[in-house]
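Take a look at the structure set out below.
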Amino acid sequence: MNRVRRLVDAEWTQKLGFTGAQVTVAVLDSGMSWHPDLSGRILCFADFVGKRMGMYDDYGHGTHVGGILGGSGKQSGGLYRGIAPGCLMIPVKVLDFQGNGRSEDVIRGIHWVVQNREKYRIRVMNISVGALTREEKGLSAAVEYAWNSGLVVVAAAGNRGPGEGSVTSPGCNPKVITVGASDDSGQEHLGKGVRRGYSGRGPTRQCIVKPEILAPGSGICSLNAAFQKTGRPYVYKSGTSMSTPVVSGAVALLLQKEPELTNVEIKIRLKEFSDPITEENTTAWGQLNVRKLLSKNFP
């Protein structure tokens, strides 16, 4: 995460008081486990897989995503803190212990977030989940419903690249903000078993530019769901699932600064203030730059 913060120019934000404070982000994933870096900022937990009350993560994916989004870095002296270390989170478990999920559970999770949006003041929905195209219609309709309700929906482009049209659902929905990995072409940070060019690429079948924005996603050191069992507070993971909460965290920072912004205005801001990219086989607008994103009307 120290590398990620440098690459998206977010190192300075906490010093100026931008932490995502009072901004609530729903994280649809495999759940979250208790971790000191998340202490005091989990508002509630919803489980659409095991129907359990207590917070848990039996796959580890959601906890890692939560750390990228808003981990405090407490166990690392701040080194591995997330992009928005003051944001509030609601883990919504829609993936099982193998990282698999049924589309109907994901859809139920999305509808639960919309129904509880006002109660918990949810502004952002992070979906680091990708489905096959045969499941696209229902998931796409669900995220569009969430977007139309006013939520900022940030979804992963999926790891089926590098071919054209490889963005997974619900990231292929034209309204949501879809995130690809900016660092999937080199070998330095990919890690064992991670292939080059994994990030899903557009355009979609409707000729929509996807993903809209890129962020680092390879070899990210973030929270370990098994910390209490192993004593290891952090682990490495790669994928567009990791890129997505980088952007969600940046959106939380922006909403702390300008809470009146709509989801459409935030999407436009991401387009206008991203860094240009030189990669030939991508249709993305650019790479996330947090300084630029927060620069308009900067005090």
Atom of [X], atom of [Y] and distance for their closest heavy-atom approach:
X    : Y    : result
M125 : L28  : CG-CD1, 3.8 Å
G219 : S238 : N-OG, 2.6 Å
L139 : S169 : CB-OG, 3.6 Å
C172 : T204 : O-CG2, 3.9 Å
P85  : G71  : CB-O, 3.5 Å
H35  : N224 : CD2-O, 3.7 Å

Nearest 0.5 Å please: distance from the [atom1] atom of [X] over to the [atom2] atom of [Y].
X    : Y    : atom1 : atom2 : answer
R291 : E11  : CZ    : CD    : 10.5 Å
L151 : Y145 : CG    : OH    : 9.5 Å
I110 : E144 : CD1   : CD    : 11.5 Å
L88  : Y120 : CG    : OH    : 12.0 Å
K175 : K267 : NZ    : NZ    : 9.5 Å
I122 : M89  : CD1   : CE    : 13.0 Å

Spell out, as yes or no, whether a donor-acceptor pair under 3.5 Å connects the side chain of [X] to the backbone of [Y].
X    : Y    : result
T178 : P211 : no
T19  : Q14  : no
S199 : G180 : no
K210 : N173 : yes
R5   : R81  : yes
S39  : P36  : no
H64  : V235 : yes
Q287 : L214 : no
R3   : C221 : no
D183 : S218 : yes

**Item:** Criterion side-chain hydrogen bond (donor to acceptor under 3.5 Å, both in side chains) on D29 and Y59, from CA distance to verdict
**Value:** CA-CA 10 Å; D29 215 290; Y59 182 57; over 6 Å; no
Linked, directly or transitively: [X] and [Y] (ILVMFWY side chains, under 4.5 Å):
X    : Y    : value
F18  : V290 : yes
V94  : V114 : yes
W285 : F273 : no
V65  : Y236 : yes
V209 : I277 : no

Between [X] and [Y], do the side chains contain an N or O donor and an N or O acceptor separated by less than 3.5 Å?
X    : Y    : value
S30  : D57  : yes
H61  : S241 : yes
Y56  : D47  : yes
T244 : N126 : no

Could you tell me if the side chain of [Y] sits less than 4.5 Å from the side chain of [X], heavy atoms only?
X    : Y    : value
I68  : M1   : yes
Y80  : L223 : no
S76  : P233 : no
I127 : P170 : yes
V8   : I83  : yes
P91  : I42  : yes
C44  : I90  : yes
S72  : R41  : yes

**Item:** Residue pair R269, E258: steps toward the side chain to side chain contact (heavy atoms under 4.5 Å, CB included) verdict
**Value:** CA-CA 12 Å; R269 186 81 66 92; E258 300 178 57; 3.1 Å; yes
Does atom [atom1] of [X] have more than 12 heavy-atom neighbours from other groups under 6.0 Å away?
X    : atom1 : value
Q22  : CD    : no
K51  : NZ    : yes
E164 : CD    : no

**Prompt:** Can R52 and D58 be counted as an ion pair, charged N to O under 4.0 angstrom?
**Reply:** no
**Message:** Do the side chains of K292 and D9 get close enough for a salt bridge, i.e. N-O under 4.0 angstrom?
**Reply:**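 Looking at D9 together with K292, the answer is no, because their closest N to O distance does not fall below 4.0 Å.
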**Request:** Output, in order, the C-alpha distance, side-chain angles, deciding distance and verdict of side chain to side chain contact (heavy atoms under 4.5 Å, CB included) for Y234 and D37.
**Result:** CA-CA 10 Å; Y234 304 100; D37 286 19; 2.6 Å; yes
**Request:** Give the intermediate values and the outcome of side chain to side chain contact (heavy atoms under 4.5 Å, CB included) for residues L270 and L293.
**Result:** CA-CA 6 Å; L270 282 166; L293 186 66; 3.8 Å; yes
**Request:** Could you please spell out the steps behind the side chain to side chain contact (heavy atoms under 4.5 Å, CB included) verdict for V92 and F48?
**Result:** CA-CA 7 Å; V92 180; F48 291 89; 3.7 Å; yes
**Item:** side chain to side chain donor-acceptor pair (under 3.5 Å) partners of residues 106-118, not counting sequence neighbours, each pair once
**Value:** D105-R108
